[in-house]
Amino acid sequence: MKGGTNPVSTTTTRAIVAPGAAPSLASPISARPRGRRQDHPLWFLLPALAVLVVFFFVPTLFNFIYAFTDWSSFKSGISFVGFDNFVALFANGTLLNSLRVTLVYAVLVAIFQNVFGLALALLLEKDTPLNRAARVAFFVPVIMSALAVGYIFQALLKPEGALNDILGFITGTDISIAWLGDTTWTIVVVALVHAWKWMGLSMLIYLAGLKTINPDVLEASRLDGAGWWQTLVYIRIPLLAPAITFNVATALLGSMNGFDIVQATTEGGPGGTTELLNIFIFRTFGQGLFAQATTMSLVLFLMVMILAFPVIRFLRKREDVL
Amino acid sequence: MKKTLIGFAAVAAAAALVLSGCSDPTAGGGDSAPADWPAQDTKLDGVSLTIWAAQNSNTVPESVVAGFEELTGASIDVVTIPDPYEQGIQTKVATGDKPDLAFWQPTASQLTALNATTNLQPLDDAPWLDATAADLRDITGILDDTRYAALITTPAVEGVYYNKKVLADAGVTDLPTDWDSFVQLGRDLKAAGVTPFYEMAGDRWATQWWVQVQLADAAADGLWDRVNANEEKFTDPTILGTIETYKGLIDEGLFNEDIKTATFEDQGDALLAGDAAMVVQVNSFFNQLQSKASAEELDETIGFFPISPSGNVGTFIPDQSNALVAFKTGDAAKEAAARQLLSYWLGDGYADFVETRETVSLQDDVATPDTVPSALLAVSDSLGSSVGSMQALAIANPDLYIFLADMIQGTKTPEEVAQATQDQFAQLAKAQGAEGF
């Protein structure tokens with residue numbers, strides 16, 4: 001954008017073309033004549049475009065429009081009320097509290113999910129039969145229903161649940177910790193559950209990233225006398241940058257939209273300390289205040305956008321080393 | 001440039017399309033002619049009706065459905081809508097999906113939430129009304145002088161369920177006769193080493209009963225009318241005072257130690273086992289006990305008395321399993337069939353219904369089966385003199401229970417509970433277009 005360069009086109013080129021090979025490959029592509037679209041008439045796009053408009057474009061637009069109305073379950077008419085909903089929402093502290101909780105949750109999930117994912121990927125990097133089986137096992141939670149995961153953990157983490165039983169068996173004392181009943185630490189616990197569910201996906205992407213690292217580079221570092229840890233910190237993690245970009249961005253932005261796991265484990269409690277914005281939206285919608293709920297989802301949408309651009313930009317910047 | 005123009009035109013056209021479509025799909029139900037009530041045995045071959053029910057009410061209509069299908073030839077489909085039931089129904093109705101009948105909380109606030117005037121059939125002059133016990137006929141189901149809900153079972157009452165053995169062991173012979181003696185009993189029991197009260201803040205929803213029973217006198221004195229008109233607020237001394245009292249009793253240690261995490265299930269177990277002496281709850285709590293103990297055991301151990309600041313007045317709170325509403329679907333034949341089903345349910349089919357459900361009868365001519373447990377009889381006895389709860393009398397139903405649970409967890413003060421409840425109430429009242437908000 002600034003300085004006249006187009007970051008989108010340069011970065012996509014880099015993502016598609018392997019590092020180092022770019023100059024030799026770039027020229028044939030740009031040399032191709034521009035009349036290429038002649039062989040595919042534009043109206044071929046229509047069916048796909050229709051689906052896109054009906055299922056993505058229109059609902060998003062509705063989301064913007066309804067936020068400025070008084071749509072509710074209480075009456076049939078819908079009229080515009082300007083910024084009333086926004087003013088009322090921001091005057092009420094609940095929305096800001098939910099935004100704060102959502103942000104904390106998203107950051108925690110992003111950290112846990114990536115740390116676990118990377119650790120698993122490093123642990124299961126070698127293609128042995130045992131590792132292959134373990135990878136499948138760690139990927140299973142990813143394809144499980146999030147609500148089911150939530151309810152299972154809710155049962156495990158109850159004061160009289162299995163986790164306390166196990167701890168009690170090990171320590172030989174009676175333990176009844178309310179894992180989901182602490183107003184300070186429960187958000188960490190639910191973020192851990194969320195990260196547990198999705199860490200298999202991060203693992204898979206880190207594994208793919210590790211596989212693409214050129215063995216010559218690793219061999220060179222070994223010849224230079226670098227230990228395992230040095231290789232990891234100075235060679236492998238920098239070279240994993242594209243995988244990190246994808247994993248951090250999807251974990252952070254995906255968990256901003258979190259709902260199912262928290263709803264199943266705590267329903268936003270105790271004392272509203274895990275009330276994500278989506279749970280607040282669900283509760284408001286359930287009260288029949290459809291317009292207010294729409295306004296909140298618009299606020300969430302804007303917040304994800306505001307967060308997404310700088311985060312992704314920062315992470316892409318790290319890829320410049322490649 | 002031309003392409004930009006075309007793109008702009010496309011966006012503008014799409015926006016116009018969206019804006020013109022910006023109306024409530026449920027609009028246009030219109031007024032129907034004054035309802036006629038078909039005879040209960042009118043033939044309905046080929047007519048199919050849909051009833052929406054919740055997970056805890058989907059077996060309620062069984063005997064009625066079987067009897068009605070045999071009598072009329074209609075086919076009835078009971079569809080279970082998953083919990084949270086009310087939210088599910090509201091969302092479906094808002095998008096234009098309606099059944100013929102649905103279980104629904106017959107209170108003014110919940111009828112408003114369903115936009116009753118547009119979506120529901122008025123049930124004025126229903127044939128069963130004369131047969132209904134006089135003091136229960138108009139207790140609920142009415143919004144703006146129009147009847148929209150048919151009450152099929154006795155509404156729930158907020159009151160005190162107690163363990164008879166625990167009180168007997170502590171030497172208590174006379175039950176409390178007002179709030180002060182009730183709290184005193186709690187203190188005496190605590191001094192005797194018994195946990196007097198049990199609350200379930202882990203599951204949250206029952207926290208509001210403690211506040212509501214304290215408001216019974218004020219409710220009889222028109223509290224909720226004043227709240228509805230925005231002349232009195234949750235933050236004013238009457239309601240805020242009850243929240244502070246509740247907090248005070250918890251701080252005094254009169255409740256179970258695990259109050260923050262205890263669940264509905266724990267509460268039932270604790271009262272049955274005698275780990276706690278008393279619980280302020282509604283009928284669904286007793287249903288929970290019935291799933292855990294035999295009828296004889298319950299008659300022996302569990303009793304009920306209503307409580308209010310000045311005496312033994314109950315606070316009634318009809319719930320979704322107590323009543324049905326009939327929707328305006330636009331199909332006159334089905335609408336008439338739905339009314340016919342209701343008149344059969346509360347007519348020829350009622351005796352059988354009461355018998356199979358082992359529930360208290362609402363009609364003087366239909367006897368209550370003697371299998372009904374004594375605690376439930378005490379509940380229904382208190383109904384005639386009871387006053388309405390917030391849900392029954394206020395125009396909106398704010399999440400008071402969530403805020404009270406927050407208070408028990410320590411994240412809200414009583415003042416913040418009152419303020420949050422008032423804010424939400426005002427928001428809901430404003431959305432309804434209530435005057436004064």
Side-chain angles (χ1 to χ4, degrees), chain A residues 42 49 53-54 57-62 64-66 68-81 84-85 88-89 91-94 97 158-160 176-184 186 266-273 275 282-293, chain B residues 10-11 14-15 17-19 21-29 84 86-91 93-94 112-115 117-119 201-204 258 260-263 266 395-399 402-403 405-412 416 419-420 423-424 426-428 430-434:
Chain A
L42 204 57
L49 199 66
V53 166
V54 170
F57 179 66
V58 172
T60 311
L61 207 63
F62 266 110
F64 276 86
I65 293 167
Y66 277 131
F68 297 94
T69 67
D70 63 352
W71 180 35
S72 76
S73 72
F74 307 114
K75 49 180 184 267
S76 331
I78 299 177
S79 46
F80 282 93
V81 294
D84 261 22
N85 293 330
L89 274 175
N92 180 333
T94 324
N97 181 55
K158 278 197 285 199
E160 69 278 17
S176 60
I177 302 169
W179 297 98
L180 297 173
D182 190 287
T183 50
T184 311
T186 295
T266 65
E267 291 181 75
T273 49
E275 190 174 76
F282 175 70
R283 191 153 66 81
T284 309
F285 200 87
Q287 282 277 9
L289 298 168
F290 302 150
Q292 280 84 345
Chain B
V11 171
L17 199 78
V18 167
L19 285 169
C22 183
S23 66
D24 191 324
T26 60
E86 281 78 7
Q87 300 182 8
I89 301 256
Q90 271 177 282
T91 314
V93 171
T112 309
L114 213 50
N115 196 1
T117 43
T118 306
N119 292 327
D203 277 347
R204 307 192 293 194
D258 59 348
K260 289 183 183 182
T261 54
T263 62
D266 299 336
I395 51 172
N397 180 12
D399 293 326
I402 294 182
F403 305 133
D406 289 354
M407 178 183 80
I408 294 171
Q409 300 292 351
T411 55
K412 278 194 171 67
E416 285 166 351
Q419 189 61 53
D423 287 348
Q424 201 189 18
Q427 192 183 30
L428 289 163
K430 189 181 166 200
Q432 292 171 16

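Excluded from the calculations below are hydrogen atoms, water molecules and symmetry mates; all remaining heavy atoms, backbone and side chain alike, are included. Naming: A, B, ... by sequence-line order, numbering from 1 per chain.
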Under 4.5 Å heavy-atom distance to chain B, tell me which part of [X] shows up: side chain, backbone, both or neither.
X: A:Asn85; result: neither
X: A:Pro159; result: side chain
X: A:Phe282; result: both
X: A:Ser176; result: neither

**OP:** Please name all residues satisfying ring pair (Phe, Tyr, Trp, His ring centres under 6.0 Å) with A:Phe68, sequence neighbours left out, ordered by chain then number.
**Re:**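 If we apply the ring pair (Phe, Tyr, Trp, His ring centres under 6.0 Å) test to A:Phe68, skipping adjacent residues, the hits are A:Phe83, A:Phe86.
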
State, to 0.1 Å, how close [X] and [Y] come at their nearest heavy-atom pair, and which atoms those are.
X: B:Ala431; Y: A:Leu289; value: CB-CD2, 3.4 Å
X: B:Gln90; Y: A:Ser73; value: NE2-OG, 3.0 Å
X: A:Phe74; Y: B:Asn115; value: O-OD1, 3.2 Å
X: A:Arg283; Y: B:Asp399; value: NH1-OD2, 2.7 Å
X: A:Phe290; Y: B:Ala94; value: CE1-CB, 3.2 Å

Name the region of [X], side chain, backbone, both or neither, that has any atom closer than 4.5 Å to a heavy atom of chain A.
X: B:Thr261; value: side chain
X: B:Asn397; value: backbone
X: B:Asp266; value: side chain

Would you compute the distance between atom [atom1] of [X] and atom [atom2] of [Y] and round it to the nearest 0.5 angstrom?
X: A:Leu89; Y: B:Gln427; atom1: CG; atom2: CD; value: 6.5 Å
X: B:Ile402; Y: A:Glu267; atom1: CD1; atom2: CD; value: 8.0 Å
X: A:Ser72; Y: B:Leu428; atom1: OG; atom2: CG; value: 9.0 Å
X: A:Glu160; Y: B:Asp258; atom1: CD; atom2: CG; value: 9.0 Å

Do [X] and [Y] come close enough that some side-chain heavy atom pair is under 4.5 Å?
X: B:Lys430; Y: A:Asp84; answer: yes
X: A:Thr94; Y: B:Gln424; answer: no
X: A:Lys158; Y: B:Thr263; answer: no

Original post:
Between the side chain of B:Gln432 and the main-chain N/O of A:Lys75, is any donor-acceptor distance below 3.5 Å?
Top reply: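 Judged by distance alone, no pair lies under 3.5 Å.
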
**OP:** Using the test side chain to side chain donor-acceptor pair (under 3.5 Å), find all partners of B:Gln419 that sit at least two apart in sequence or belong to another chain.
**Re:** B:Asp423

